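Predicted, not measured: the structure shown is a model, and the values here were computed from it. In listed order, ligands and their atoms are each counted from 1.
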Amino acid sequence: MTLLVGPKDGFSEALAYRLDLKFIELGLRTFPDGELCPRVLVKDVGEVAGKDVVFVCRIRVGGRDPNEYLVNYLLSLMNLKFMGVRRVKAVMPYFIYSRQDDVFRPGEPLSAKFVASLIEGAGADEFYTVTAHLHRRRSIGECFEKAKAFNASGIKALASWVKGSYELKDPFILSPDAEAVTWAEEFSRIVEASEYDALIKERDLATGAIKTMEKAFRLRGRDLIIVDDIVSTGGTMINAVSIARKHEPRRIFCCFVHPILADGALEKIRSLKVDDIIATDTIPSEVSKVSVVELLAETLKKEGKLI
Ligand code: R5P
């Protein structure tokens, strides 16, 4: 028998409902000094012992507490095994630390792999995420040694939503940097766009400052969709909108999977008066218009052999 454990945030319950699994709430108590005490809200551990569990927990609004979230996540995984759970299918809709998927400067950690090790070391037998930012790894499986890992496409969910919500005119799909061109290509296939392209962005590894190069496109009268996996400070997206706007597109849509939206990012993007800002609910936000619950449910059903 499989149960689903997660916070009562609408997302976990929806996934449990979609998978037809009993939902058990994960509570969270924070002590005055900041230490965390996540609790599986059961009367008796016998309710979970010997069973399989789908564990799902999203980072909180804004995604700005990855360290607290990680401790909560790891303590919960270890506790599920401590309570006698047989197998844990760990769902982390936004795979934190995945941007550090390489050692960019000597002495830095390979955080994506190290966080994966912590997750499997804490008891995850399988790992499920959405559009992991792993440009320098061939697949998410490279980060995990023992756990089977699955990376569902949030671009598919975003593009399908846009296709169903807007009548697009000769759409052009643009990625704000070269790494993201795979997302633009995937998006263009789903919305049946005839063209996609990428801007070139340079990032200063020490300061994080970015510079995006000008590029000419044939955009006049066309709908422009800018697609990325993550918006954090908004700098990458803002540069892309500013450059592309000079070529007079009919409408501009900003689409991204993970709305980290660090302080002020959403207001800055809104001030550009684009036609829509669309993200998924891998991280809860004001612009999380597209749910990945169905996508995760399909992936868990296909790969997770739920019993
Ligand atoms: C980087 O390669 C990612 O795909 C995003 O473009 C990046 O994380 C966005 O960051 P920011 O919003 O801070 O420019």
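Which parts of ligand 1 touch K201 is read off a 4.0 Å heavy-atom cut-off, strictly below it: atoms 1 (C), 6 (O). For ligand 1, the atoms closer than 4.0 angstrom to any heavy atom of V231 are 12 (O).
Taking the six-membered ring where the residue is Trp, the centroids of Y196 and F172 are separated by 6.0 Å or more. Aromatic rings of Y17 and F23 (six-membered ring for Trp) have centroids beyond the 6.0 Å cut-off, not under it. The distance between the ring centers of Y73 and F55 falls below 6.0 angstrom.
Taking 4.0 Å as the cut-off between side-chain N and carboxylate O, R270 and E286 count as a salt-bridged pair.
What sits closest to atom 4 (O) of ligand 1 on the protein, heavy atoms only, is D229 OD1, 2.6 Å. When hydrogens are left out, the protein atom nearest atom 8 (O) of ligand 1 is R99 NH1, 3.5 Å; that is the closest non-hydrogen contact. Scanning all protein heavy atoms for the shortest distance to atom 2 (O) of ligand 1 gives E179 OE1, 3.0 Å. The protein heavy-atom contact nearest to atom 14 (O) of ligand 1 is T236 OG1, 2.5 Å. At the shortest separation from atom 1 (C) of ligand 1 among protein heavy atoms lies H133 CE1, 3.5 Å. In terms of protein heavy-atom proximity, atom 7 (C) of ligand 1 is nearest to I230 O, 3.9 Å.
One side chain, T212 or N239, offers a donor N or O that lies under 3.5 Å from an acceptor on the other. Side chains of D276 and Y166: a donor on one and an acceptor on the other come within 3.5 Å.
At least one N or O atom of G234 sits closer than 3.5 Å to an N or O atom of ligand 1.
For atom 6 (O) of ligand 1, the choice among T233, D228, L261, I260 with the nearest heavy atom turns out to be D228.
Distance alone, capped at 3.5 Å, is enough to place a donor-acceptor pair between the K289 side chain and the I277 backbone.
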